[in-house]
Amino acid sequence: MVEVKVKLPDNSEIAIEKGKTILDLANKISPNLAKASLAAKIDDKLVDLTYPIEQDCKIELITARSDEAFHILNHSAAHVLASAVVELFPEAKPTIGPSVDEGFYYDFEVKKPFSQEDLEKIEKKMIEIIEEDTPFIREEVPIQEAIKYYEKVEKNKFKVEILKEMPDVDTVSFYSHRNGKFKDLCRGPHIPSTKKIKAVKVLNASSAFWRGDAKRESLQRVYGIAFTDAKKLKKHLKMLEEAKKRDHRILGPQLDLFDTADEWGPGMPLIYPKGTILLEVIKEFWKKEHKKAGYKVVQTPHLFKEIVWKTSGHLDYYLENMYPVDARGERWYVKPMNCPGHMMIYNRKTYSYRELPERIAEMGTVYRYELSGVLHGLFRIRGFTQDDSHIFMLPEQLEDEIVKIIEMVNHFYSVFGFKEWEFFISTRPEKSIGTDEGWEHATKSLMNAIERVGIKYKIKQGDGAFYGPKIDVDVKDAIGRRWQLATIQVDFNLPERFDINYIGEDGQKHRPFIIHRVIYGALERFLAILVEHYAGKLPIWLSPVQAIVIPITDEHINYAKKVVEILDKEGIRAEADLSGERMEYKIRQANLQKIPYIINVGGKEIENNTIAVRDRTNKVRFGVKIEEFVKEVKEKITNYE
RNA sequence: GCCUCGGUGGCUAAGUGGUAAAGCGUCGGAUUCGUAAUCCGCAGGUCAGGGGUUCAAUUCCCCUCCGGGGCUCCA
């Protein structure tokens, strides 16, 4: 008997007979572990539990608690979905069905789109199939045979297309479940059997193009999500419900912040007075921090003549997204980006190397003709304001500048109450401009900078813009959703197009490095994210109305006005509710408006020159001195609470 | 832009081949009240717009616009 040595994650070693499967190994360690295992990693490669162990290796078992479990489970659930669909709709042609961060989907070619009832039927059938508890079985097949199978038996041109595009493969793998009743081309791995899926939900259906290509076949995509335990599904559904409740498109108009448009222009929101106060607070903070960090704030026009966009290259590559304006025979364009203006401002004079870095910043409103289908509340609109900045610098200043930006990003997000955000570096894509040295220096500077700040990051290989590498920052909100906010991009394109120079120590012209960056991204979107993050309950410093004063009867109106006046003078945003409603009603309204402080004043308060304060804990403090209250609130505002 | 589902007063909506409930909100009146909805009343809709079928269309059909979900795009 030949034995091989297997190293486990705790660094212990265990010997097992050569050729035994990973499941055997798991059983040897503990039957409970075997039962809990869904798949495994052998020398960092994901495999099935039935994978034979042929040589010394490192093995990590994947249980419900592993990070990979969710994807494997959902991928298997996608197969179960496909098997349910082909049973219910025999003419449906399965195409692809991966797991994604939000669960899984499977695309089918069908004659008729799935209805709501169809989805319910599919979910029911899926649960039946899961209950059958049949194993997932892997089978290796020569690729030619696989092609023949899909051409002749299944008559599925999509699978044939996938197979024919596989380079240099002799065999491919199939996975079947339901005792062979359903099989699908798949790399795997899969869970040992269907019943490992403890909870599944078919979420919705929509259409999608084959290979995401609008010119190709339109497919029906079914989305779902699976979990290793029913509680997690419940939690997830609750999160979705919570997300619905936080929807800024509902909360925005409700809190009188803004509304999105239809009759006055899709993608062109109206920001109401209270929403504007919030934006102003966000801008004020921006201004303060940028001044501290040595940025120079500029302003550039909303329109430029055609020639500018010719120079910048937008006319060649971005025209579809731009709003043209014809003015007395001349063609103008509304700016979709702020860059050209900033380039021209830099070019107004000759810079010496001593003057760099030069940091130019602008809260610039841009307009982009986004396709109607992508518009969504304030998240995706056609006119929005970027907290834009372009930094011009010497090559050796790149790293330091990026460090500064990262520190600024960290400061911004923590001030706005986010707890977690993640950095990604995107490297050079296939189609790109610029020199190898330039890319290397820039990419390296990005990495060094992040490392210097001591943050972890992930690399997105080849995901950079054509004009340079970049750092993207994803922020996680209160219910765990991710939003890409900041982007810090090196730009090799604009310096060339606008012939951007500085005079070096040698008296010669040189190209500076340019970083393009935003922290909020788009102000309007950031506002919407804040609304959803806080479910409308904005921190005091951001609340458009920080305190509302409610008199108990008309006799107390004058005192209420006086209190508002005092608070106002102290820089606290206060209002009085002098409508004819009852006090209880007003309190309820103020609560619904999520105003942080509700102040009641009546005879007792007038007599003692105090106020009754109800805060967000919903407890009332009677007999509070106005000065005391002012001091308390001002302190919170200063501390961004 | 493509696929799909939808559009009934400011909002949430019920409903029907014979021109439309209700609640909230708005406005007016009464009430002047001690901590999460006081009572009464008025106003407000060419049922998204246009075309067609029909004796008759908000309802059935077609087109357009707008929105939701998804795809795509993101120099």
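All chains are named by letter (A, B, ...) in the order of the sequence lines, taking the proteins before the strands, and each is independently numbered beginning at 1.
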Open item on the list: Ignoring hydrogens and geometry beyond distance, is the side chain of A/E605 in donor-acceptor contact with the base of B/G34 at under 3.5 Å?
Closed with: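 It does, because a donor-acceptor pair links the side chain of A/E605 to the base of B/G34 below 3.5 Å.
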- [ ] Can you sort out which residues in residues 589-601 of chain A have a heavy atom within less than 4.0 Å of RNA chain B? Ascending by number, please.
- [x] A/N591, A/N600
Is [X] salt-bridged to [Y], cutoff N-O under 4.0 Å?
X	Y	value
A/D474	A/K476	no
A/R211	A/E165	yes
A/R517	A/E401	no
A/D477	A/R246	no
A/R368	A/E320	no
A/R511	A/D499	yes
A/R482	A/E422	yes

Open item on the list: Over 60° means perpendicular and under 30° means parallel, so tell me whether A/H79 and A/H75 are parallel, tilted or perpendicular.
Closed with: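 Answer is perpendicular, since the angle exceeds 60°.
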Open item on the list: Parallel, tilted or perpendicular, judged at 30° and 60°: which one describes the rings of A/H376 and A/F379?
Closed with: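 Ring orientation of A/H376 relative to A/F379: parallel.
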Quantified in whole Å, what is the [atom1] atom distance between nucleotide [N] and nucleotide [M]?
N	M	atom1	value
B/C27	B/U64	C1'	36 Å
B/G67	B/G51	C1'	23 Å
B/C61	B/A21	P	25 Å
B/A13	B/G23	C1'	9 Å
B/G68	B/C42	C1'	36 Å
B/U32	B/U38	P	15 Å
B/C55	B/A14	P	32 Å

Open item on the list: Is the positively charged end of A/K460 above the ring of A/F424, judged by distance under 6.0 angstrom from the centroid and angle within 45° of the axis?
Closed with: yes
Task: Face-on cation placement of A/R525 at A/F384 ring, 6.0 Å and 45° thresholds - done: no
Task: Pair listing, salt bridge (Lys or Arg N to Asp or Glu O under 4.0 Å) test, anchored in residues 334-345 of chain A, at least two apart - done: A/K335-A/E362
Open item on the list: Here's a test of your reading of the structure: between A/N618 and A/G377, which maps to the more 5' nucleotide of RNA chain B?
Closed with: A/N618
Open item on the list: Both A/G602 and A/L219 contact RNA chain B. Which one's nearest nucleotide lies toward the 5' end?
Closed with: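 That would be A/L219.
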Task: Sub-6.0 Å ring centroid separation between A/F492 and A/Y467 - done: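 Judged by ring-centre distance (under 6.0 Å), A/F492 and A/Y467 do not meet the cut-off.
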TODO: Any chance you could list the contact pattern along nucleotides 70-75 of chain B? Use B for base contacts, S for sugar-phosphate-only contacts and - for none, protein heavy atoms under 4.0 Å, 5' to 3'.
DONE: BBBB-B
- [ ] Check RNA chain B for consecutive Watson-Crick or G-U pairs with both distances under 3.5 Å and list the runs of at least three as stems.
- [x] B:1-7 with B:65-71, B:10-12 with B:22-24, B:27-30 with B:38-41, B:48-52 with B:60-64
Open item on the list: Mind checking if A/K604 touches a base, just sugar-phosphate, or nothing, with heavy atoms under 4.0 Å?
Closed with: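 Base: the residue A/K604, judged by heavy atoms under 4.0 Å, touches a nucleobase.
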Open item on the list: If the condition is side chain to side chain donor-acceptor pair (under 3.5 Å), which residues does A/Y367 pass it with, not counting sequence neighbours?
Closed with: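 Listed in chain order: nothing, the list is empty.
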So which protein nitrogen or oxygen atoms get under 3.5 Å of nucleotides 30-32 of chain B's nitrogens or oxygens?
{"from": "B/U32", "atom 1": "O2", "to": "A/D554", "atom 2": "N", "distance (Å)": "3.0"}
{"from": "B/U32", "atom 1": "N3", "to": "A/D554", "atom 2": "OD1", "distance (Å)": "3.3"}
{"from": "B/U32", "atom 1": "N3", "to": "A/D554", "atom 2": "OD2", "distance (Å)": "3.1"}
{"from": "B/U32", "atom 1": "O4", "to": "A/D554", "atom 2": "OD2", "distance (Å)": "3.0"}

